[in-house]
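Structure first, commentary second.
No hydrogens, no waters, no symmetry mates; every other heavy atom, side chains included, goes into these values. These figures come from a predicted structure and were not determined experimentally. Whatever order the structure lists ligands and atoms in, that order sets their numbers, starting from 1.
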Amino acid sequence: MKIMVTGGAGFIGSNFIHYILKKRPDWEVTNFDSLTYAGNLANLKDVENNPNYKFVKGDISDPDDVERLFSSEYDFLINFAAESHVDRSLYNPGLFLKTNILGTQLLLNYALEKGIKRFLHVSTDEVYGSLGPDGYFGESSPLAPNSPYAASKASADMICRSYYKTFDMPVIITRAGNNYGPYQFPEKLIPFFITRALKNEPLPLYGDGLNVRDWLYVEDHCDAIFTVLEKGNFGEIYNIGGGNEKTNLEITRLVLETLNKPESLIKYVKDRPGHDRRYALDINKINSELDWSPKMDFETGIQKTVGWYLENQKWWEDILSGEYTRFYELHYKERS
Ligand code: NAD
Ligand code: DAU
């Protein structure tokens, strides 16, 4: 089996490549990634010499790059490539639309022309918008995205749907909750707060800190994607959640406690504009139809994640410079 993974140098994509090379060692994996600030080949150092792994540098929204990519044949395509950070989408929405919508459409076009056997598009619970204190998002909940990032992902989902309906393409969409685990870029809540706490720097908690996210260990996400790839039905959407609803304050306290750092590091700052209050996913469909459920217990997952950032200090210190610093300074000046 030959598979194309787009965005494989990012957080979830690189975890998926590790996962699949172990799970299906005979599969040939091509990683297509433009290496934005979030793409990092160091995430794949240990597999770079694997004869079944190949890296191709290119942009999913560039027709020449995508045409070059499709000069080879693939059985399955898993589309992880995206601009993924909500805060960044407040400053440069156009880039999010270009990559996440036009890039996805370009991949769909070429995949259709080449007769790909399965096109799995990796989406997010953010397309559903925000929940109050009760209830869950199901796959048929209305789409109500609130950030340019979420709107771009919702649009891509709609384009995927249209290719299934109009061209009978074998498209499947997954929508996952907040991932955490190794190799996550340290601008997202958990690795950002771990790396800040390790340097005894303040942890900027948005608003009242009581927004809720449904946390999913990245390896569980990879396992769910593999399950959907093998057993999912074309034209369907599958929610993937970890069943771990936590407030940001609870997460922050757990990180500080695990690192034995004081709560005085918490600094409440101005809220994120359009900040979704709560995400929570109903995963009954993937559970009952495909027999998938998350395995990682949350406290163990956090211990493992903190342990990984402690052991891989050079990995994240190499990132904490250049473009990252410029974004950090601009964004957090506005929040303080
Ligand atoms: P990430 O930002 O860590 O990685 C994104 C990767 O895509 C990077 O390697 C980057 O270089 C690459 N990329 C960006 N633009 C590209 C382009 N134009 N062409 C080719 N490659 C490009 O993101 P992530 O957190 O690993 O998320 C991966 C996917 O999963 C995204 O589609 C995201 O929307 C979705 N998702 C993420 C989460 C989460 O909690 N992180 C949850 C649900 C869904
Ligand atoms: O729900 C899935 C989504 O999860 C994915 O689609 C996105 O790609 C991914 O980035 C993530 O989005 P969030 O906006 O939920 O993640 P983030 O880590 O940016 O923020 C998590 C929560 O923590 C959110 O309520 C905002 C808050 N936060 C975040 C940062 C970076 C803070 O309070 N302070 C911070 O400095």
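- The ligand atoms of ligand 2 that sit less than 4.0 angstrom from a heavy atom of Asp125 are 1 (O), 2 (C).
- The nearest non-hydrogen atom to atom 19 (O) of ligand 2, considering only Lys188, Glu187, Arg272, comes from Arg272.
- By the 3.5 Å distance cut-off applied to N or O atoms, Tyr149 is counted among the residues near ligand 2.
- In summary, the side chains of Ser84 and Lys188 do present a donor paired with an acceptor at a separation below 3.5 Å, with no hydrogens or angles considered.
- Looking only at heavy atoms of the protein, atom 9 (C) of ligand 2 is closest to Ser84 O, 3.9 Å.
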Polar pairs, ligand 1 vs protein, N/O only, below 3.5 Å.
{"residue": "ligand 1", "atom": "2 (O)", "partner": "Ser84", "partner atom": "OG", "Å": "2.7"}
{"residue": "ligand 1", "atom": "3 (O)", "partner": "Phe11", "partner atom": "N", "Å": "3.0"}
{"residue": "ligand 1", "atom": "9 (O)", "partner": "Gly10", "partner atom": "N", "Å": "2.9"}
{"residue": "ligand 1", "atom": "9 (O)", "partner": "Asp33", "partner atom": "OD1", "Å": "3.3"}
{"residue": "ligand 1", "atom": "9 (O)", "partner": "Asp33", "partner atom": "OD2", "Å": "2.6"}
{"residue": "ligand 1", "atom": "11 (O)", "partner": "Asp33", "partner atom": "OD1", "Å": "2.6"}
{"residue": "ligand 1", "atom": "11 (O)", "partner": "Thr36", "partner atom": "N", "Å": "3.0"}
{"residue": "ligand 1", "atom": "11 (O)", "partner": "Thr36", "partner atom": "OG1", "Å": "3.1"}
{"residue": "ligand 1", "atom": "18 (N)", "partner": "Asp59", "partner atom": "OD1", "Å": "2.8"}
{"residue": "ligand 1", "atom": "19 (N)", "partner": "Ser34", "partner atom": "OG", "Å": "3.4"}
{"residue": "ligand 1", "atom": "19 (N)", "partner": "Ile60", "partner atom": "N", "Å": "2.9"}
{"residue": "ligand 1", "atom": "21 (N)", "partner": "Ser34", "partner atom": "N", "Å": "3.2"}
{"residue": "ligand 1", "atom": "21 (N)", "partner": "Ser34", "partner atom": "OG", "Å": "3.4"}
{"residue": "ligand 1", "atom": "23 (O)", "partner": "Ser84", "partner atom": "OG", "Å": "3.2"}
{"residue": "ligand 1", "atom": "26 (O)", "partner": "Phe11", "partner atom": "N", "Å": "3.3"}
{"residue": "ligand 1", "atom": "26 (O)", "partner": "Ile12", "partner atom": "N", "Å": "2.8"}
{"residue": "ligand 1", "atom": "32 (O)", "partner": "Phe80", "partner atom": "O", "Å": "3.0"}
{"residue": "ligand 1", "atom": "32 (O)", "partner": "Lys153", "partner atom": "NZ", "Å": "2.7"}
{"residue": "ligand 1", "atom": "34 (O)", "partner": "Tyr149", "partner atom": "OH", "Å": "2.6"}
{"residue": "ligand 1", "atom": "34 (O)", "partner": "Lys153", "partner atom": "NZ", "Å": "3.0"}
{"residue": "ligand 1", "atom": "40 (O)", "partner": "Asn179", "partner atom": "N", "Å": "2.9"}

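- Residues Asn15 and Tyr183 have side chains that never bring a donor and an acceptor to within less than 3.5 angstrom of each other.
- Cation-pi check for Arg272 over Tyr206 is not met; the charged atom does not lie both under 6.0 angstrom from the ring centroid and within 45 degrees of its normal.
- Ring planes of Tyr74 and Phe70: perpendicular class, angle over 60° (limits at 30 and 60°).
- A 4.5 Å side-chain heavy-atom check between Lys261 and Asn200 finds at least one atom pair inside the cut-off.
- Within ligand 2, counting atoms from 1 as listed, the ones closer than 4.0 Å to a heavy atom of Leu205 are 33 (O).
- Cation-pi geometry between Arg278 and Tyr136 is met: under 6.0 angstrom from the ring centre, within 45 degrees of the axis.
- In this structure, the ring of Phe16 has its center no less than 6.0 angstrom from the ring center of Phe11.
- In terms of protein heavy-atom proximity, atom 23 (O) of ligand 2 is closest to Asn248 ND2, 3.3 Å.
- When the salt bridge (charged side-chain N to carboxylate O under 4.0 Å, His left out) test is applied to Asp223, no partner is found at least two apart in sequence or on another chain.
- Residue Pro204 has at least one nitrogen or oxygen atom sitting less than 3.5 Å from a nitrogen or oxygen atom of ligand 2, judged on distance alone.
- Heavy-atom contacts of Phe192 reach the following atoms of ligand 2: 36 (O) (cutoff under 4.0 Å).
- Which parts of ligand 2 touch Thr124 is read off a 4.0 Å heavy-atom cut-off, strictly below it: atoms 1 (O), 2 (C), 3 (C), 5 (C), 6 (O).
- At the shortest separation from atom 26 (C) of ligand 2 among protein heavy atoms lies His275 NE2, 3.4 Å.
- For the pair Lys117 and Phe76, the cation-pi test (distance below 6.0 Å, angle within 45°) is failed.
- Among the atoms of Leu189, some N or O lies under 3.5 angstrom from an N or O of ligand 2.
- Cation-pi check for Arg118 over Phe234 is not met; the charged atom does not lie both under 6.0 angstrom from the ring centroid and within 45 degrees of its normal.
- Ring-plane geometry between Tyr128 and Phe137 is classed as parallel, the angle between the planes falling under 30 degrees on a 0 to 90 degree scale with a further cut at 60.
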